[in-house]
S.K.: 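Dumping the structure here so I can ask a few things about it.
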Amino acid sequence: RTEGLETATLWSEQRWFGAHGVLSNTGIVRHSNSDSAQGYLRYDTAWSDTDTANATGWTVGDHITGALAWTTPVRLGGVQWSRNFAARPDLVTYPMPQFAGQAAVPSAVEVFVNGFRAGRQQVQPGPFTLGDLPAVSGAGTASVVTTDALGRQVVTTVPFYVSSQLLRPGLTDYALSIGALRRGYGLRSFGYGTPLATGVARRGLSDAVTVEAQAQAGRGLAVLGAGGLLRWGTMGVFNASLSHGRATGHNDLTADRPGGWQWSAGYQYLTPRGGITLLETRRGAGFGDAANHAADALQPTQRARQINASLVRGVGSLAAGWVDLRGAGMQRSRVAYASYSTPLGRDAFFSLTAGRTVETGETQVRAQLTYLLDPLLTAQAGLARLGRTAQGEVGLQRSLASDGGVGWHLGHTRSGSTGGSVGRNYRLASAQYQGRYGLVQGGLFGSSAGTTHWAGASGSIGLMDGYAFAANRVTDGFALVSTETPGVPITFNHQPAGTTDARGYLLVPNVPAYYPARYAIDPLSLPVDVHTPSLERRVAVARGRGTLVHLPVLRQRTATLTLVDEAGTPLPPGSSVLHEQGQVPTVVGWDGVVYLTALQPQNTLQARTPDGSACSAAFSEAEHAASSDLRVVCRTAGSPTEPAARPADGAARKGAP
């Protein structure tokens with residue numbers, strides 16, 4: 001709410017998942033006291049399913065088409081079939097270096113990558129190859145150290161270059177879509193244009209070469225392009241592409257143009273000490289593709305040129321770059337920028353950034369100091385200059401803990417012109433609380449000329465395992481932890497996630513998809529009379545779905561009794577006892593005392609004395625509850641079975657006068 005204008009929105013997602021995929025619908029309800037749009041606006045509705053074994057996926061409904069670095073994705077309503085490498089986090093999709101050698105005798109081989117040991121294994125005499133090394137990126141140096149049984153070492157140093165932009169030989173990445181072009185997204189619930197088919201593909205031909213291709217077809221639309229990436233030894237990766245596109249009849253800017261060309265070229269070289277990236281993309285005046293095919297489409301830039309460089313010096317890092325954009329109307333925008341950042345001790349961090357826009361001659365400089373007061377509390381102070389305007393700002397922020405709680409943010413900014421005009425004050429304050437059932441937050445921001453107040457809440461309502469729950473907002477995958485016992489603390493990837501509710505459930509709302517996450521119980525936080533068959537589990541959840549993590553915490557009903565023979569004499573100490581119902585072994589203590597950890601409604605004991613004689617005894621939970629000193633007779637085979645258990649002499653029976 002600001003200056004009499006009130007706006008309220010409610011974003012929501014409805015999601016159903018099962019063995020055959022995920023069905024999702026998103027949209028927003030809008031209300032305002034102005035003349036702006038009102039009512040419900042739908043965003044996306046789609047069913048999707050992923051085959052994790054083959055790393056492929058289907059989507060039926062609204063989706064974004066696949067794209068390469070030199071293509072532009074669009075929104076479609078239709079069907080998409082694509083590769084989904086994210087479903088296989090164990091799969092390294094780019095070429096990794098392998099190191100080979102030969103050993104004359106059994107030896108130990110160690111590999112050091114950039115000075116850090118990356119692997120060690122024993123090899124037998126003869127040739128050997130080392131693979132499955134930790135993922136690395138950029139240029140580096142590997143040292144292979146071979147040590148034989150006598151301690152003699154042979155060190156071989158090999159330079160390498162690894163790029164995640166490449167595909168391993170034989171791997172293919174693709175996305176094929178067919179449907180209707182989405183129009184007016186975010187403005188209309190149902191706006192679809194002409195039919196359209198698109199496809200992109202990549203394939204690794206070798207460790208150094210990856211080829212790429214794209215195609216688009218529709219009424220008045222035809223696009224075809226090819227490109228590739230080449231790793232030139234250890235000198236970095238080059239990339240290039242060439243496309244021809246024709247889009248007519250649906251856009252006034254391209255209606256009378258026969259088509260045109262688009263090309264791109266680039267280079268990247270990265271090392272642990274820094275790197276450089278060069279990229280240029282140009283489009284001819286007549287080039288058209290699905291991105292500018294519709295009548296209401298925005299026109300892309302005709303030329304984009306970008307240079308980025310970085311350098312690590314000690315504990316600090318320096319970055320600089322240049323961006324040159326030329327729009328469809330020949331407008332040009334050129335920006336140069338640089339930044340430097342470094343830690344100051346263990347708890348402080350300093351950064352300095354600067355930039356200049358060539359067309360306006362405007363220069364921006366900003367310096368910021370961040371100090372960590374504790375793991376959740378951060379203080380910031382900054383100075384900035386934008387042209388003739390200077391400003392200073394201070395802030396104090398407390399972040400939310402991983403298991404919720406209270407967070408807040410306070411900030412104040414004062415700005416003014418260097419010409420001596422009156423300065424302006426800008427303030428902000430916000431607070432948030434995250435509990436078991438969701439997040440609520442609110443705050444204000446603005447200056448003396450006007451202040452905006454805002455408030456919001458987010459959460460989820462779901463049903464799983466017959467359990468209806470309200471919890472924090474579920475963004476991707478989630479896990480429902482069941483312990484069958486209330487008040488049990490749960491950790492998620494070694495961070496506190498909360499405690500189970502009265503029914504023994506806890507929802508972990510934001511779980512990375514396909515990653516085997518760790519859910520665990522801290523045994524030191526549990527009472528002594530419980531049993532935990534498993535203290536932790538590692539479970540992966542598919543994108544958009546939930547999983548049930550069962551970590552039972554069982555309350556143990558213990559029992560202390562006296563085991564005697566048929567003459568009423570306590571069994572000798574050290575006699576072995578087996579509780580048949582729980583299959584829990586124990587021993588007889590002094591005076592025939594036996595301690596059982598898992599009392600059942602009906603209990604049978606098998607005992608064997610040190611001299612080898614065996615006997616059995618039986619009693620019920622009701623008999624144990626009726627006596628404070630239960631004496632159970634352990635009888636040998638063939639003996640009368642009554643009475644099997646009786647209270648000690650003089651002990652009161654429950655309910656007796």
Side-chain angles (χ1 to χ4, degrees), residues 9-16 21-30 36-50 56-84 86 173-201 214-225 243 245-255 259 262 283 287-301 327-328 475-476 543-544:
T9 60
L10 174 63
W11 182 93
S12 65
E13 177 186 11
Q14 301 80 43
R15 186 189 306 176
W16 177 90
V22 180
L23 178 63
S24 173
N25 177 76
T26 59
I28 188 171
V29 177
R30 303 162 297 176
S36 60
Q38 307 277 346
Y40 180 77
L41 175 66
R42 186 187 68 89
Y43 287 149
D44 297 288
T45 304
W47 168 86
S48 60
D49 192 21
T50 300
T56 58
W58 284 92
T59 300
V60 179
D62 297 310
H63 64 274
I64 299 175
T65 61
L68 303 170
W70 43 276
T71 67
T72 304
V74 295
R75 293 183 178 272
L76 285 188
V79 180
Q80 181 182 71
W81 180 46
S82 63
R83 179 75 75 185
N84 184 7
D173 191 9
Y174 57 86
L176 307 176
S177 299
I178 184 169
L181 187 65
R182 187 81 183 264
R183 299 176 59 181
Y185 182 81
L187 300 175
R188 290 184 289 172
S189 294
F190 296 92
Y192 295 93
T194 58
L196 179 68
T198 72
V200 296
Q214 75 146 333
Q216 299 177 359
R219 184 161 57 92
L221 174 68
V223 180
L224 191 64
S243 301
R246 181 172 181 266
T248 62
H250 295 278
N251 191 314
D252 293 340
L253 296 177
T254 60
Q262 170 192 282
R283 296 180 177 89
F287 178 81
D289 60 6
N292 59 2
H293 184 43
D296 55 356
L298 298 177
Q299 295 303 302
T301 57
T475 56
D476 190 2
R543 185 174 305 280

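Both backbone and side-chain heavy atoms feed into the values below; hydrogens, waters and symmetry mates do not.
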S.K.: Ignoring hydrogens and geometry, is there a side-chain-to-backbone donor-acceptor pair from R15 to G544 under 3.5 Å?
M.R.: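 Yes, the answer is positive, given that a donor and an acceptor are paired below the 3.5 Å cut-off.
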S.K.: Under a 4.5 Å cut-off applied to non-hydrogen side-chain atoms, are R182 and D62 in contact?
M.R.: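 Yes, close enough: below the 4.5 Å cut-off.
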S.K.: Do L76 and L181 have side chains that get closer than 4.5 Å, going by heavy atoms?
M.R.: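 With C-beta onward as the side chain, the pair touches.
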S.K.: Closest heavy-atom contact between Y43 and Y185?
M.R.: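 Residues Y43 and Y185, closest heavy atoms: O-CE1, 3.4 Å.
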S.K.: Could you walk me through whether T65 and Q80 pass the side-chain hydrogen bond (donor to acceptor under 3.5 Å, both in side chains) test, one step at a time?
M.R.: CA-CA 8 Å; T65 61; Q80 181 182 71; over 6 Å; no
S.K.: Mind checking whether Q14 and W16 have side chains closer than 4.5 Å, heavy atoms only?
M.R.: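 The answer is no; the side chains never approach within 4.5 Å.
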S.K.: Using side chain to side chain contact (heavy atoms under 4.5 Å, CB included) as the criterion, point out the one residue from D289, V74, T71, V200 that pairs with Q216.
M.R.: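 Only one of D289, V74, T71, V200 forms a side chain to side chain contact (heavy atoms under 4.5 Å, CB included) with Q216, namely D289.
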S.K.: Which pair of heavy atoms, one from S48 and one from T59, lies closest together, and at what distance?
M.R.: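 That closest heavy-atom pairing would be CB-OG1, 3.8 Å.
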S.K.: Quick check: closest heavy atoms across R183 and G193, and the distance to 0.1 Å?
M.R.: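 What the structure gives for the nearest pair is CD-CA, 3.7 Å.
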S.K.: When you measure from the side chain of S82 to the backbone N and O of A175, does any donor-acceptor pair fall under 3.5 Å?
M.R.: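 Between the backbone of A175 and the side chain of S82 there is no qualifying donor-acceptor contact (under 3.5 Å).
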S.K.: For L221 and A247, work out which heavy atoms get closest and say how close.
M.R.: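 Shortest heavy-atom contact: CD1-CB, 3.8 Å.
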S.K.: Which pair of non-hydrogen atoms, one from S177 and one from H63, has the smallest distance, and what is that distance?
M.R.: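 Answer, listing the atom of S177 first, then H63: OG-NE2, 3.2 Å.
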S.K.: Within the 4.5 Å heavy-atom criterion, are N292 and F287 side-chain neighbours or not?
M.R.: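 Not touching, per the 4.5 Å side-chain cut-off.
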S.K.: Are any side-chain N or O atoms of Q262 and backbone N or O atoms of W70, one a donor and one an acceptor, separated by less than 3.5 Å?
M.R.: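 Confirmed, Q262 side chain pairs with W70 backbone.
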S.K.: With rounding to the nearest 0.5 Å, note down the distance linking CG in L41 to CD1 in I28.
M.R.: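 Between atom CG of L41 and atom CD1 of I28 there are 7.5 Å.
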S.K.: Among V223, T198, L224, which residue meets the side chain to side chain contact (heavy atoms under 4.5 Å, CB included) test with Q214?
M.R.: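 That would be V223; it is the only one of V223, T198, L224 passing the side chain to side chain contact (heavy atoms under 4.5 Å, CB included) with Q214.
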S.K.: Taking the inter-plane angle between the rings of W81 and W58 on a 0 to 90° scale, is it parallel (under 30°), tilted (30 to 60°) or perpendicular (over 60°)?
M.R.: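 W81 and W58: parallel rings.
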S.K.: Is it true that a side-chain atom of R83 and a backbone atom of D173 form a donor plus acceptor pair closer than 3.5 Å?
M.R.: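 Absent.
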S.K.: Taking all non-hydrogen atoms of both residues into account, name the closest pair between A86 and R543 and its distance.
M.R.: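 Heavy atoms of A86 and R543 come nearest at CB-NH2, 4.1 Å.
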S.K.: Evaluate the side-chain proximity of T301 to R283: yes if any heavy-atom separation is below 4.5 Å, no if none is.
M.R.: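 Answer yes - side chains close enough.
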